[in-house]
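Written below as structure tokens is the structure these notes are about.
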Amino acid sequence: MVRKDQLAGEGAFVFGFDDFIFLPSYIDVEPADISLVTKFSVNIPIAMPFVSSPMDTVTEGEMAIALARSGGIGVIHRNCSADEEAEEVMKVKRAESFIIRDVLTIGKESTVAEAEKIMKEREISGLPVVEDGRLIGIITGKDVRFSNKEIRTEQAMTKDVVRVSEGITIEEAERLMKDHRIEKLPVTDSEGRLSGLITYRDISLRDKFRNATRDEKGRLRVAAAISPFDMDRAVKLSKIADALVVDVAHFHNQNVINATKKIIDNVSVDVIVGNLGSKEGVLDAVSKLERVGGLRVGIGGGSVCLTTQITRAGSPTLYAVTEAVSALEELGADIPIIADGGIRNSGDIAMSIAFGASSAMMGYVFAGCKESPSPTTLIGDKHYKLHRGMGSESARQKRIVSDRYAKLSKSIAEGTEKWIPYKGYLADVIEELASGVRASMGYAGAKGVKELKGNARVMKVSSSSFARASDMQTIK
Ligand code: IMP
């Protein structure tokens, strides 16, 4: 029997995004100069507080590439085989790099026709020519175009190659390429052995995406969802992804915590745990696990979530954030909190941060973008994309992700599916979200994420606090 004094949630007041507004406060910078720099996990900074959900209608390689280029980070879903998930991670890691390591090369005896064939097939504009691993020349599209195709590459290649050593900076590489009007810069060791290749294309992408979330090698960062009960997948992905996200609906469970402990012992990347919804859950997770990289919080608040309807259990996202904050304060721990579920717009993101989150995870907001892996359909004269819960009937048909939910409820769908309006490119959606969060922060008097967390003044609103545009009568 639940007695009155056992009620959780500050005397049973459990709140959501629509219950609060920011009190407009003094600011001395313009919204455009407000910084959104924050953290995804203990060791991963991000320029924008935006994370995409590990759902099979939201995040695969294409979405994660676009989101990392925009300054956020994507979490690849796990409703597929470990090899398929690893391939999506690799698409992101291969998308850009400062120094390419798996360089395609050609031998001096091969013909120009062979060089041309490789260049066409792999869509590249030049090949380093090597002999016993040593760089002896480079053959480019221009060399091929003006040569007899039957001669050896050795006869057509440029022999006097501008090369650089390891340790070169991006700025130096860019300057050398401009000075010599070249698009490829081979990297060699002290004995002339080829160890990498820098391309002008990759350098210009860096300039184009200045906010991008990159690793120390200049590659885009990406996280991967895992099951706590699949060690092989976790270890495999930990070698290529920047972080792992333990993806279960209810993390505060003895078996889940014990299994996660083993995973953390076997990997070296940040491990984000969740979903969590209570202070006790966060206290348990953080104190029982050696190294928690991040906390994904919010249960039952997702746009395609049926958990609360079916089970009457849940922890609304904003409320879950406050529970996590009080647990971390009690432990004196500094672990980034990711607000997950039900986020509809920039105001919800700003409010999550004001309550203590470092970033917002979104499914609904991103599923409608061009880069999401979900199918598009035409309904009437408008395009729509599918967004489905990972506990929905159709997502569960793949069976792989069904261990996200407790064994008992495996036969009950805890998620549903929706067709949502097509939104176009993710970059445009991010630009709109970022401007909106900056505008919120401007009103709240915060120059950055830290100030928003520390100083924002928030008021509880009643249903009659504001007249809504939709309620206004229109005179035609
Ligand atoms: P959204 O941004 O409101 O669409 O919520 C996305 C979040 O919903 C995900 O990050 C998950 O935490 C959660 N979620 C995904 N699939 C399901 C489901 O089938 N049932 C309940 N929650 C789900």
Side-chain angles (χ1 to χ4, degrees), residues 16-18 40 49-59 63-64 67 72-79 223-227 245-251 272-277 281 294-318 320-321 324 337-349 352 357 359-369 372 374 385-406 409-421 423 426 429 433:
F17 292 111
D18 291 339
F40 167 62
F50 311 137
V51 180
S52 65
S53 294
M55 298 171 79
D56 62 7
T57 51
V58 181
T59 316
M63 169 63 68
L67 189 50
I73 191 163
V75 185
I76 305 287
H77 75 84
R78 64 184 182 92
N79 202 16
I226 54 156
S227 156
V245 176
V246 176
D247 178 43
V248 292
H250 181 37
F251 189 84
I272 288 108
V273 303
N275 282 38
L276 285 154
L295 297 160
R296 180 181 172 199
V297 309
I299 294 175
S303 63
V304 278
C305 177
L306 295 179
T307 303
T308 304
Q309 269 125 292
I310 306 248
T311 65
R312 293 297 329 145
S315 178
T317 304
L318 206 52
V321 170
I337 297 168
I338 303 165
D340 173 31
I343 288 168
R344 299 153 300 178
N345 52 39
S346 47
D348 292 347
I349 298 170
S352 304
S359 66
M361 179 179 272
M362 290 162 274
Y364 170 81
V365 168
F366 295 142
C369 295
S372 80
S374 85
K385 287 199 113 187
L386 182 75
H387 183 35
R388 71 176 182 193
M390 296 314 292
S392 65
E393 202 73 59
S394 63
R396 277 165 181 241
Q397 274 165 15
K398 278 203 164 178
R399 292 266 142 245
I400 299 169
V401 85
S402 50
D403 63 3
R404 214 182 113 79
Y405 300 89
S409 65
K410 278 209 173 120
S411 51
I412 309 165
E414 279 190 40
T416 179
E417 42 186 74
K418 279 181 187 159
W419 286 99
I420 53 176
K423 291 187 186 149
L426 177 91
V429 170
L433 280 182

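Numbering of residues begins at 1 and proceeds along the displayed sequence. In listed order, ligands and their atoms are each counted from 1.
- Distance check: His387 NE2 to Glu417 CD gives 11.0 Å after rounding to the nearest 0.5 Å.
- Near Thr307, the atoms of ligand 1 lying under 4.0 angstrom from a non-hydrogen atom of the residue are 21 (C).
- Residue Gly342 has at least one N or O atom closer than 3.5 Å to an N or O atom of ligand 1.
- Proximity of Arg296 to ligand 1 is established by a heavy-atom distance of less than 4.0 Å.
- Considering backbone and side-chain N/O atoms, Met362 never comes within less than 3.5 Å of an N/O atom of ligand 1.
- Using a distance-only test at 3.5 Å, with no hydrogens or angles considered, a donor-acceptor pair links the side chain of Lys385 to the main chain of Ser372.
- Nearest residue to atom 12 (O) of ligand 1 from Asp340, Thr308, Thr57, Val245 is Asp340 (criterion: closest heavy atom).
- With sequence neighbours left out, Thr317 forms a side-chain hydrogen bond (donor to acceptor under 3.5 Å, both in side chains) with no residue at all.
- Within 6.0 Å of the CZ atom in Phe17, the count of heavy atoms belonging to other residues, nucleotides or ligands exceeds 12.
- Below 3.5 Å of separation, one finds an N or O of Ser303 facing an N or O of ligand 1.
- A donor-acceptor pair is defined here as one N or O able to donate and one able to accept, closer than 3.5 Å; no such pair exists between the side chain of Ser352 and the backbone of Ala339.
- Those atoms of ligand 1 with a heavy atom of Gly415 less than 4.0 angstrom away are 18 (C), 19 (O), 20 (N).
- Scored by the side-chain hydrogen bond (donor to acceptor under 3.5 Å, both in side chains) test, Asp348 finds Arg344 as partners (sequence neighbours excluded).
- In summary, Asp56 and Arg78 do not engage in a salt bridge, as defined by a charged side-chain N under 4.0 Å from a carboxylate O.
- Put simply, CG on Asn79 and OG on Ser394 are 9.0 Å apart, with the number rounded to the nearest 0.5 Å.
- Backbone and side-chain nitrogen or oxygen atoms of Leu306 are examined, and none is located within less than 3.5 angstrom of a nitrogen or oxygen of ligand 1.
- Between His387 and ligand 1 there is a heavy-atom distance shorter than 4.0 Å.
- Looking at heavy atoms from C-beta onward, Val245 lies out of side-chain contact with Ile226 at the 4.5 angstrom threshold.
- Counting the atoms of ligand 1 from 1 in the order shown, those under 4.0 Å from a heavy atom of Gly302 are 3 (O), 5 (O), 8 (O).
- Considering backbone and side-chain atoms alike, Gly363 places an N or O below 3.5 Å from some N or O of ligand 1.
- Atoms of ligand 1 found under 4.0 Å from any heavy atom of Tyr364 (numbered from 1 in listed order, with element): 1 (P), 2 (O), 4 (O).
- For ligand 1, the atoms sitting less than 4.0 Å from at least one non-hydrogen atom of Gly341 are 3 (O), 5 (O), numbered in the order shown with element in parentheses.
- When non-hydrogen atoms are compared, ligand 1 lies under 4.0 Å from the side chain of Asn275 (C-beta onward) but not from its backbone.
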